[in-house]
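Contents: one structure, followed by commentary.
Keep in mind that what you see is a predicted model, and the values were worked out from it rather than measured.
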Amino acid sequence: GLSIRNGLIGHFTDAGAGTTMAKVNVIIVGAGPSGLCAAKEAKGEGLVPLVLEKEAGLGGVWRPETGCAWDTMTTNLSKHTCAFSDFPWPSEDAGVLFPRKASVHAYLERYAAQFDLHESIRYRCNVTGLERRDNMWEVRWSDAIGGSEHAQVVPHVVVASGVFAAPNVPVFENVDKTTAKVIHSSSYGDGAVVKGKRVLVVGSSLTALELAAEVACSADSVTHAFRSPTWVLPRALPANLLPPKPDEGPGEMLPVDLAFYTRSFYTRPPVTREQTIKGKNTFMASLCTAQQAVPTLTIPAELFSQPINVAISDRYVSAVSSGVIGVKRNATIERFGVGTDVVEFSNGTAASFDVVILCTGYRMDAHYLDASTRETLAYDDADTLQPLVLYRATVHPRLPGLFFVGMYKGPYFAVLELQAKWAVRVFKGSVSLPGVEDMEAEMKEVDLAIRTTLPRLQFPHPDYVRMADGIASAAGLLELDDLKARDEDLYARFIAARVVCDGGFSLDDVPGYLDRVAEVVTAAKVSIRDRKYIESDASQ
C-alpha cells in the first residue's frame with residue numbers, strides 16, 4: 001500500500017487499479033455517473049486521475065445491491081437524457097425508451113470500459129479527509145481491502161460522491177417500539193419485504209409515488225400518506241404540450257424530458273415569482289386532467305398560488321382511481337403505537353401496517369471535508385435542497401483546485417458532463433474562472449437565494465436548459481461565431497430560441513446535429529406509439 005505522511009510522497013502501483021500513484025494529479029471522490037464522467041474527461045486531457053469509491057463497484061445509485069434505486073426502478077426521463085454526448089445507448093436497447101436500473105448500470109459499465117476507466121478506480125476506499133495544504137489538496141482514505149490508511153497530495157480534486165449519499169430519516173415518536181417494520185426507500189431492494197403485507201408509503205417525492213405503484217403489485221394493501229399535493233405527469237406528453245381536444249386523440253407524443261427541455265419552452269417574458277408559480281400550476285392542471293378527475297388527488301385552484309411539486313408516474317393515478325392505492329391526504333406520521341403495529345397520523349386517524357416505507361429523500365454526506373472548507377462552502381447537510389453554496393453548482397472562488405460534479409439535487413447527465421469538462425479545462429489552464437467578486441456576487445444573488453427563498457423549490461435549478469447553458473458558457477464551450485460560419489440556419493434558430501441569459505453550447509459536428517435530433521425525436525415517438533417503454537411487470 002501507499003502511505004503518505006507530512007507531505008512525503010512515495011511511489012506505488014496498485015495492481016487492481018493500474019495507476020502509478022506518484023503520477024496522480026487529480027483525485028475524484030466517487031465512481032457514480034459524475035465520477036466516471038470526470039475521470040473520462042481528465043484522462044482525455046492528459047491528466048492522471050485516481051477515483052476513490054467506497055463501495056465494491058461503480059454506478060452510484062444504479063449500482064446493483066447497494067445502490068439506492070430499487071431493483072425494478074425505471075428511469076422517469078428517457079434514455080436520451082440519461083446518456084453522455086459521446087456514448088449513445090447501444091442498438092440492443094433501441095426498443096426501450098425508459099431503461100431499468102440494471103440497464104443503466106450496464107450502460108455505465110460499458111462507458112467505463114470504452115474509455116479505460118477501470119484502471120483508474122480503487123474500490124472499497126472510503127475518503128476520510130480532504131484538506132487544503134499549501135495550495136494543494138491532501139486527500140486521506142481508508143482501504144477496506146488492504147486494511148490500510150493512505151493519503152495523497154494533489155493539485156486538483158473533484159468531489160462527485162453525490163447527493164444521495166445518506167438516507168434522510170425523520171425521527172418519529174415510538175418508532176423504536178413499534179412492531180411494524182420501518183424502512184427507508186433505499187432499503188426496498190427487490191421488494192420481498194412487502195409481499196402479502198399491509199404497507200404504508202410515506203412522502204410526496206417522485207420516489208414515493210412510483211414506489212407506491214410498484215408496491216401495489218405484490219402487497220396485500222397499500223396506503224400512501226403525504227402532507228402536500230403533487231402533480232403527477234405520465235412519462236409521455238403531447239409533443240405540443242397542449243391537452244387534446246375532446247373529439248381528438250392525443251396526437252404525437254414525446255417523453256416528458258424531450259417535451260420540456262427545450263430553449264423555446266423556457267423562453268418566457270419576465271414575470272414575478274408569484275405569476276410564474278400560478279402559471280406553472282395552471283399549465284400542469286391542463287396536462288394532469290386524469291389526476292384532476294380523482295377526488296383524493298384533485299388539486300384545487302386556490303392552491304395554485306403556492307409551489308406544487310411534480311412527479312412522474314404512469315401507474316400511480318390509475319391505481320389510486322381504482323382503489324388499489326389508498327390515500328391519506330394532508331397527513332404525516334404523528335407517532336407509532338407502543339408494542340403494536342398501529343400508526344397514528346397528524347389528521348387524527350390511525351391504522352395498522354406491517355411495513356412502513358419512508359420516502360423522505362436523501363442528505364449529502366461530505367463529512368470528509370475539513371472544517372474550514374465546510375465553512376467556506378456554507379455546508380449544511382440538514383439542508384436537503386441546497387447543502388452547498390457554489391458558483392453555478394460547480395466551484396467556489398475561494399477554493400482553487402476543487403470542483404464539484406453532480407453535487408446538486410436533480411443532476412442530469414448533460415450537466416454532469418459540462419461540469420466535468422469545465423473542471424478539467426480549468427485544471428489544464430484552458431479557461432480561467434471569473435473574478436472572485438463577480439462569482440461571489442452571482443452566488444449571493446442566485447445560489448444563496450435558493451437556500452433562503454420561501455416557500456422552497458422542489459429543485460434548486462429547475463430551469464435545466466438555462467443551467468446547462470450557463471455552465472457551458474463558463475467552460476468556454478460557447479462557439480457561436482464558429483457555429484454561424486458553419487451553419488447560418490442553425491445559428492439563427494439557436495439565437496431565436498435561446499433563453500436570454502449567459503449561456504450556450506458547443507457542437508463538434510454541427511452539420512449532423514439537426515439530423516441527430518430528428519432521429520432521437522422520431523425514435524421516441526415510435527417507442528411511445530408502440531408502448532414498448534411501459535414495463536408493467538418484472539418479466540417483461
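Remark: the S78 side chain and the H80 side chain contain no N/O donor-acceptor pair separated by less than 3.5 Å.
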side-chain contact (heavy atoms from CB on, under 4.5 Å) between V159 and L402, intermediate numbers included: CA-CA 8 Å; V159 174; L402 180 64; 3.8 Å; yes
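Salt bridge absent: R398 and E375 never bring a charged side-chain N and a carboxylate O closer than 4.0 Å. E417 has no carboxylate O lying under 4.0 Å from a charged side-chain N of K40, or vice versa, which leaves the two without a salt bridge.
Here the options are T394, V395, D438, the test is side-chain contact (heavy atoms from CB on, under 4.5 Å), and the partner is L433; only V395 passes. The residue from R456, K409, R363 that alone fulfils the salt bridge (charged side-chain N to carboxylate O under 4.0 Å, His left out) condition with D383 is R456.
With rounding to the nearest 0.5 angstrom, the OG1 atom of T74 is 7.0 Å from the CD atom of E210.
Residues in residues 158-168 take part in these side chain to side chain donor-acceptor pair (under 3.5 Å) pairs, two or more places apart or across chains: S161-Y368.
Ring geometry for F164 versus Y362: interplanar angle over 60°, hence perpendicular rather than tilted (30 to 60°). Below 30°, between 30° and 60°, or above 60°: for Y412 and Y261 the angle between ring planes is between 30° and 60°, a tilted geometry.
Without hydrogens or angle criteria, R425 side chain to V431 main chain gives no donor-acceptor distance under 3.5 Å.
For the ring pair (Phe, Tyr, Trp, His ring centres under 6.0 Å) test, residues two or more places apart in sequence or in another chain that qualify with W89 are Y107.
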